[in-house]
Amino acid sequence: MDLLKNKTIAIIGGGPGGLTLARLLQRKGANVKVYERDYDSTVRVQGTRLDLNFDSGLKALQEANLMDAFKASYRADNERTRLVDQDAKVYLDYKEESTGDFGDQWFRPEIERGTLRTILLDSLRSGTVVWNSHIISAERIDDRFQLLFENGTTVNADIVIGADGANSKIRRFVTSIKPFYSGVSILQGSIANPEENAPKINDLFTDGKIMALGDSKSITVVSAKGSSTLDFGLSWKTNTDETDSKIDFNNRKDVLKWFKKEYSNWNPVWQQLFEAENITFTLRPQYCMPLDQKWETQPNITLIGDAAHLMPPFAGEGVNMAMLDALELSESLTSEKFRDLKSAIANYENQMLTRFSVIGKMTLNNTEWMHAEEGLDKMLSIKRKTINLE
Ligand SMILES: Cc1cc2nc3c(=O)[nH]c(=O)nc-3n(C[C@H](O)[C@H](O)[C@H](O)COP(=O)(O)OP(=O)(O)OC[C@H]3O[C@@H](n4cnc5c(N)ncnc54)[C@H](O)[C@@H]3O)c2cc1C
């Protein structure tokens, strides 16, 4: 039975989850549009490299017939990683296997987030993504949805998929469950043209990735060769009300003052990160959906990716889960097995929620130990095993 015959599908959000789903459904002949709030495709995609896993992200790309494009653009030139303590003392300096066998379940090739988006966008039929479409509300009219966008346009759709990330506007149509604060916040910083704006830092952190763990906190600095920015991230345990209203993250001096206090047990060398000109900060308190969440399936609306199961990024699973959701939802919606859309969506949600209860638990566990006294020792022991030093 063709459940999608004469149905229009609106995917809200053109992140890795939404675009993978659009590609997979389009290959099966479905009538699909992606409504994305970014103004157009040239908006810089924030974030650094992503590792794709054999049995999730790569599996979805395989089904989408995009492995050749992926192999042509993944980062085979893995750079150095140094694991250091709060005094920047190096404990491990290594290069993870950069090339590998795509059939090997342990090979986790890396790709820039922007490159992955380009591969997915290029695979879609022209006009599939409707840019500058920031959804602000949705209304059920009979068994369809009317979607309202900030730019004043409205669109009707038979099936709505919320792929609109952490602060999903679609989530509330599916469940009243809300994410809870994980107890850890991330502050991301980006220094444009570090050679000019932060020469001292640039020399210090050149070539690869530095991950520092100590005093129950972390700092990660990524300076990819050839990149015009130096990106870094801090993560630490905090109450959101300690940071949200009390620090002006648009004011570099305020942030430096805060850093000196919060990271007072760290070597002053790290303060250089906050002294550069042209630096931008983004505060990201890390939320998580409850691991045992459940809701009653509906026949014409569901969620994928962070909209469905937001979690902190400390297991590197978010993108992989979003892409696997896309694969499993596309398979359910186009399967001959189900007599109606509700059964197809229920099958998908069942798989997705079961998987999240396992992956989410692992993620919260990582979040805990990475922000505890044993963080560095545990990370060293894991890395020594994975790079075969033990
Ligand atoms: C600091 C940080 C580091 C991370 N590192 C990793 C990592 O190394 N590996 C990993 O697997 N995961 C990582 N993650 C998690 C990962 O980024 C997410 O899990 C993943 O991007 C989820 O994909 P998605 O498609 O569900 O959502 P998103 O990537 O968030 O995409 C959502 C899309 O919807 C659009 N959108 C949002 N609201 C609206 C709206 N109202 N109307 C229309 N469009 C809208 C957005 O512009 C965006 O394009 C990290 C996350 C953070 C915060």
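Computed from heavy atoms alone, side chains included, the values below leave out hydrogens, waters and symmetry copies. What you see is a predicted model; the values in this text were computed from it and never measured. Note that ligands are numbered from 1 as they come in the structure, with each ligand's atoms numbered from 1 the same way.
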Which one holds for [X] and ligand 1: side chain close, backbone close, both close, or neither close, with close meaning a heavy atom under 4.0 Å?
X      : answer
Arg37  : both
Ala307 : neither
Ser133 : backbone
Arg113 : side chain
Ala322 : side chain

*asked:* Taking only non-hydrogen atoms of Arg108, do any sit less than 4.0 angstrom from ligand 1?
replied: no

*State if Gly233 counts as touching ligand 1 under the rule of any non-hydrogen atom under 4.0 Å.*
no

*Enter the distance from Met352:CE to Asn350:CG here, rounded to the nearest 0.5 Å.*
9.5 Å

_So, taking the atom named CG in Asp215 and the one named CH2 in Trp236, what distance separates them when rounded to the nearest 0.5 Å?_
13.5 Å

*Side chains of Tyr263 and Lys217: closer than 4.5 Å at any heavy-atom pair?*
yes

*Test Val34 against every option in Ile9, Ile11, Leu21 by the side-chain contact (heavy atoms from CB on, under 4.5 Å) rule and name the one that passes.*
Ile11

Identify, by atom number and element, the atoms of ligand 1 in contact range of [X], meaning under 4.0 Å from any of its heavy atoms.
X      : answer
Lys169 : 41 (N)
Tyr35  : 43 (C), 44 (N)
Gly17  : 25 (O)

_Which label fits Trp266 and Trp270: parallel for a plane angle under 30°, tilted from 30 to 60°, or perpendicular past 60°?_
perpendicular

